[in-house]
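Okay, structure first, notes after.
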Amino acid sequence: MERSPCEGPTVDGMSNLRMSDHTTSRGAAFRGTARLRLAAAVAAPLLAFSVACGGGDDSGSGGSGGSGNGDEVASVPEEPTAKGKGGKSGTGGNGEGPSDSAAEGKSAFYDAQLTYVRCMRTKAGVKDFPDPRLSGYLDWPKIDEVVDPNGGGEEYKGGKDAVCFPEMEKAMNLAPKRDAQKDYESMLAHAKCMREKGVSRFTNPTMSGGKVLPGGDPSPGDPALDPSSPAYKQAREACRSKLLEGLDGMQ
């Protein structure tokens with residue numbers, strides 16, 4: 001399979017996003033692989049937490065901006081900041097405290113994701129590519145809905161020929177840092193839930209060198225799980241809340 005700029009370090013063929021779909025059709029199988037490959041490109045630097053897909057401790061079912069038409073996107077959410085005495089933020093004399101820095105970081109991340117969304121709707125031609133969530137994370141369940149089942153999974157990779165990869169990379173580099181231990185525990189709880197709900201072969205995530213490697217399909221190179229099956233979909237929906245915000249789509 002052709003390598004793209006989105007492909008990064010892999011472990012046993014795994015990427016940094018979850019295996020999306022696997023059916024007997026060639027297009028659907030590639031679709032799953034594309035998500036998986038993009039996952040590694042994002043996961044190695046992102047789940048290593050020097051760079052991440054976003055930050056927050058809310059569940060993966062947080063609010064979303066919804067799909068838009070054309071290149072219209074939601075407005076940047078305003079972040080409240082903690083004000084100290086005299087109308088200054090935090091404790092610093094220059095009025096810039098931790099809350100201000102965090103808010104500015106989230107706003108920059110969200111802005112970068114909006115730029116990526118606009119690129120996907122215009123340059124990449126995916127006119128219904130969904131808005132990012134208010135947290136700045138991409139809304140993977142809604143992205144799944146706009147993927148061409150007969151295509152090559154370009155919607156997961158920054159468009160055909162990775163035309164929007166520079167915008168995607170910029171957004172990733174602006175993502176807040178994450179807590180590796182918390183993400184690992186969240187993914188572990190999700191994996192256990194998936195098995196309890198009937199997906200018995202769903203594997204646990206692993207920690208290696210401070211990096212989180214997502215679990216899921218025991219054989220991503222030759223998928224053993226079928227995310228398109230009713231049983232898998234039911235389990236995924238039941239276990240969605242186990243994943244912290246930003247981890248939806250990672251396994």
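Position 1 is the first residue of the sequence; numbering continues from there.
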Quick one: does [X]'s side chain get under 4.5 Å of [Y]'s, heavy atoms only?
{"X": "Met194", "Y": "Gln251", "result": "no"}
{"X": "Met250", "Y": "Leu243", "result": "no"}
{"X": "Tyr232", "Y": "Leu225", "result": "yes"}
{"X": "Leu213", "Y": "Pro205", "result": "no"}
{"X": "Lys157", "Y": "Met168", "result": "no"}
{"X": "Asp217", "Y": "Thr203", "result": "no"}
{"X": "Leu134", "Y": "Lys106", "result": "no"}
{"X": "Arg178", "Y": "Leu244", "result": "yes"}

Heavy-atom donor-acceptor pair, [X] side chain to [Y] backbone, under 3.5 Å:
{"X": "Asp148", "Y": "Asn150", "result": "yes"}
{"X": "Glu167", "Y": "Gln113", "result": "no"}
{"X": "Ser186", "Y": "Lys182", "result": "no"}
{"X": "Thr206", "Y": "Pro214", "result": "no"}
{"X": "Ser219", "Y": "Ala224", "result": "no"}
{"X": "Ser208", "Y": "Lys211", "result": "no"}

Considering non-hydrogen atoms only, spot the tightest contact between [X] and [Y] and give its length.
{"X": "Pro176", "Y": "Phe109", "value": "CD-CD2, 3.8 Å"}
{"X": "Cys119", "Y": "Val163", "value": "SG-O, 4.3 Å"}
{"X": "Gly159", "Y": "Ala124", "value": "CA-CB, 3.9 Å"}

- Does the side-chain contact (heavy atoms from CB on, under 4.5 Å) test come out yes or no for Asp139 and Asp131, once each step is laid out? CA-CA 7 Å; Asp139 195 332; Asp131 290 341; over 6 Å; no
- Message: Working note: Gln234 + Val199, criterion side-chain contact (heavy atoms from CB on, under 4.5 Å); need CA distance, chi angles, decisive distance, verdict.
- Response: CA-CA 10 Å; Gln234 185 175 4; Val199 187; over 6 Å; no
- Task: Could you please spell out the steps behind the side-chain contact (heavy atoms from CB on, under 4.5 Å) verdict for Asp248 and Tyr137?
- Result: CA-CA 9 Å; Asp248 184 23; Tyr137 302 119; over 6 Å; no
- May I have the step-by-step check of side-chain contact (heavy atoms from CB on, under 4.5 Å) for Lys197 and Cys239, ending in yes or no? CA-CA 8 Å; Lys197 297 299 181 181; Cys239 300; 3.7 Å; yes
- Query: Can you say whether the rings of Phe202 and His190 are parallel (under 30°), tilted (30 to 60°) or perpendicular (over 60°)?
  - Reply: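 Correct class here is perpendicular.
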- Message: Glu185: which residues meet the salt bridge (Lys or Arg N to Asp or Glu O under 4.0 Å) condition with it, sequence neighbours left out?
- Response: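 For Glu185, no residue satisfies salt bridge (Lys or Arg N to Asp or Glu O under 4.0 Å) once neighbours in sequence are set aside.
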- Message: Is there a side chain to side chain donor-acceptor pair (under 3.5 Å) between Tyr156 and Asp144? Walk through the geometry before answering.
- Response: CA-CA 9 Å; Tyr156 299 130; Asp144 285 341; 2.7 Å; yes
- Is Lys142 paired with Glu145 through a side-chain N to carboxylate O contact shorter than 4.0 Å?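 Judged by the 4.0 Å cut-off on N to carboxylate O distance, Glu145 and Lys142 do not form a salt bridge.
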- Taking atom types as modelled, find out whether Tyr116 and Asp111 have a side-chain donor-acceptor pair closer than 3.5 angstrom.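 Looking only at side-chain atoms, Asp111 and Tyr116 do not form any donor-acceptor pair under 3.5 Å.
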